[in-house]
Amino acid sequence: MTRKFLVSDPEKCTGCRICEIVCSAVKEKVFNPSFSRIRTVFTWPDQNVALACRLCEDPSCVRACPRNALRANRVTGVVEVESAKCDGCRWCMEACKFGAMLIHSRDKTVKICDLCEGAPKCVEFCPTEALELRTAEDFSQRTRRRAISTLITGADEKL
Amino acid sequence: MFGYAGKILYVDLTHRKTRIERISNDFCKKYLGGNGFASSLLYRLNKPEIDPLSPENAVIFAVGPFTATIIPSSHKFIVQAKSPLTNLVGMSLCSGSWGPALKMTGYDTVVILGKSEKPIYLFIDDGSVQFADAKNLWGRDAWQTEDLIREETRDEMVRVAAIGPAGENLVRMACITNDKHRQAGRTGMGAVMGSKNLKAIAARGMKNVEVAKLDELMEVCGKLIKDAGQGATTVRHRTYGTPHCIGIINEKCAFPTRNWQEATSESTKSLYPDVLLRDYPSKHNACWGCPVGCDAITTINDGPFKGTVASVEHESIYSLGPNCDVFHYPSIAKAVELCDRLGVDTISVGSTIAWAMECYERGILTKDDTDGVELNFGDYEAQHSIIRKIAAREGFGDILADGVKRASEKVGKGSARFALHNKGLEFAGYDVRGLKASALAFCTSIRGGCHLRAVAMSLDFDGKVDRFKADSAYGKMVMNLEDIHTVYDSLIVCLYIQSTFEKFGGFGLVSDLYELVTGARITPNELYAVGERVWNLEKAFNLREGWEKKDDYPPPRVMLDPIPSGIAKGARVTKKEFDLMLNAYFEARGWTIDGVPTRGKLVSLGLDDVAEDLEQSEKSQREQKMEGKK
């Protein structure tokens, strides 16, 4: 099975945080973006993008964990946390290049996006359809398609 | 009750003390939140006839039960105090992210009392309150203040509501800013903060917001978010931002130009949404939890205003653009950026400058009055220089800084004839001479010349009424709209998602959402009653401050000068027409012919104490008059 990962289209993302609000509701049964496994990032003056676990092929968080509490699922690539082993040392947080790890303020163990068993709620709720679950292959194909379309439109304008 | 944080935070700046008050379930159901909470506290905390810029003026920040939940676009906050611009109810709503941050600190409402000895900012850090020194922030603009506070607190998640230099200088049209582009703009709430030496309120909220029925709420809101995210109306808002209807309004001859000397202009075509989208593409930022995302951020990439970044809204285009005879978009964006950074309301500032331009054109004002600035219509450089002077209260700017009503009184020479305001609040951007229902609503507005208390333009533009014909039926219609919007302003649901709310059942939906959030049932009829209650309470506040029936009339230009050209040519609102509508409105409200709520009306709304109060103050006002006669 080809792995699917969360992509956020910066052209469409408005930084509304609905993904964060939804994630905290689904995972923690409360509204509180600081519990969200996906976070939006704003850069001045007008760019927004949402970011969650990238499902790295050789995840640095897994390698960093001194207690073997983390393990990447071989099929889906989702990083699974064995909470009993995790003591919240934050080593994985430092290792992750995408800020995807979260230390829960209540049980003090690490949490990470689990793609909601293949049907992420954030994708379902994203109002601008900026968030999608895609395979690397079809993501790249779409990017190519966009590039070609721009090229063709540009050529049209020149004519 | 779920949904509410359940607490009011009182901050006494004079004594540097804080106090927490629990909110009762009855209070929640009676006033809902936002506008309801704040106006109730405003009425009870502020003594009559105080100076709005004195320590006695309590300023209240409030959010609603829906804030920071999944309910879309319901995360605004409201600021209320006695207005230094109108001396009546001051109120301004603001979106962005400060509201949810406040809610998650564990408070629904913050009341600021007294005055700090020296400049400070408040840091509400997840429940605790710090009085932080603002020496290094004083004099900084609103954007710098936001950045500096985040640097100082070392947390970019800290949300900041700040004033600019205009608020510090007690400019009566000063605003409060958060997220750089979102303002509590109207009625001078920034000046009230400035008078308290309060530069900003920073909030870091980490507490959970919990609701009664999470799964059901998620299901309903999923539908609302989908509709608002992909629906035709909201996609239009996201594509063009709030200026999406400038073309239509100009074509309908209702877009005030040259200080309302015209209601349409050929030149405005350069500001039509499609033209702006083509020539100045903007990127859209959404406020917290909003699927619409109407906030269009424009960056100017070349020319003299290169580097300008501004959120250019419909009303700002009206006031700083065509109303000043300016059609050059980059200069309008620059003017907006200046106003936002210096911390002044674009509507009031633009309208006041437009008035000064007309006075200059007529020779009422000369270069000697304006510090040598040639204040000709269309001169945007002059406009920018005056904006800076207003914020600094420098020279001629000092006169304009008090708003168009006071400025026209000071300048005299018949200049009040061209001042477009009601009760001291400068008019918003709809030429109401040819929008009769809106003319009524602009003037019965509790905070003065404003389009948002009733949003009656929907009646005039959508053909629900004959826009050129005054009708007594508008009394009831405007009243209903005022009550509905007061409910939305209490929850607080943004105007830009109300089309989705209406589609999914209006108050029926609101009633369901309220139950899913709080666990308590409130019927649609009870909701209407909240709207009416809050409106009557605010009316009582205004009466206590000396409001009279004459204050609800439109300014001279609207009544005397017909629209000179276009499809609305000849339109104006005569005294006779306005009397007809206003009297019908008072009747619909169950008020006396003089616009005073009767005892019976107040008691029926559960405002017994207010009824007592009004009788007392009426008695003392009568006695004062008698004394005066003696």
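Note on naming: letters A, B, ... go to the chains in the order of the sequence lines (proteins, then strands), and numbering restarts at 1 for each one. Because the structure is a prediction, the values reported are computed rather than measured.
Residues B/Tyr240 and B/Asp274 form a side-chain contact, since some pair of their non-hydrogen atoms from C-beta on lies under 4.5 Å apart. The shortest side-chain heavy-atom distance between B/Ile124 and B/Arg204 does not fall under the 4.5 Å cut-off.
Of the listed residues A/Cys19, A/Pro45, A/Ser105, the one with more heavy-atom pairs under 4.5 angstrom with chain B than any other is A/Pro45. When each of B/Asp295, B/Thr69, B/Ile297 is checked for heavy-atom pairs under 4.5 Å with chain A, B/Thr69 comes out on top. Here B/Met218 is the residue among B/Lys226, B/Lys207, B/Met218 with the most heavy-atom pairs under 4.5 Å with chain A.
B/Met206 touches chain A through backbone and side chain together, each having a heavy atom under 4.5 Å away. Both the backbone and the side chain of A/Thr128 come within less than 4.5 Å of a heavy atom of chain B. When heavy atoms are compared at a cutoff of 4.5 Å, A/Glu20 does not approach chain B at all. Using a 4.5 Å cut-off between heavy atoms, B/Leu214 touches chain A through its side chain atoms alone. Proximity to chain A is limited to the backbone of B/Ala68, based on heavy atoms less than 4.5 angstrom apart. Contacts of B/His75 with chain A are absent, with no heavy-atom separation under 4.5 Å from either backbone or side chain. Contact of A/Cys126 with chain B is made through the backbone alone, with heavy-atom distances under 4.5 Å. Residue A/Glu124 touches chain B through its backbone alone, counting heavy-atom pairs closer than 4.5 Å.
Put simply, SG on A/Cys56 and CZ on A/Phe5 are 11.0 Å apart, with the number rounded to the nearest 0.5 Å. With rounding to the nearest 0.5 Å, the separation of NZ in A/Lys121 from CD1 in A/Ile18 is 14.0 Å. Atom CZ of B/Arg238 sits about 7.0 Å away from atom OG1 of A/Thr14, to the nearest 0.5 Å.
Considering B/Val211, B/Ile71, B/Val220 as possible partners of B/Leu516, the one that fulfils the side-chain contact (heavy atoms from CB on, under 4.5 Å) test is B/Val220.
A/Leu133 approaches A/Lys4 most closely through the heavy-atom pair CG-CB, 3.7 Å.
In this pair, B/Tyr280 and B/Tyr329 present their aromatic rings tilted. The plane angle is within the 30 to 60° band.
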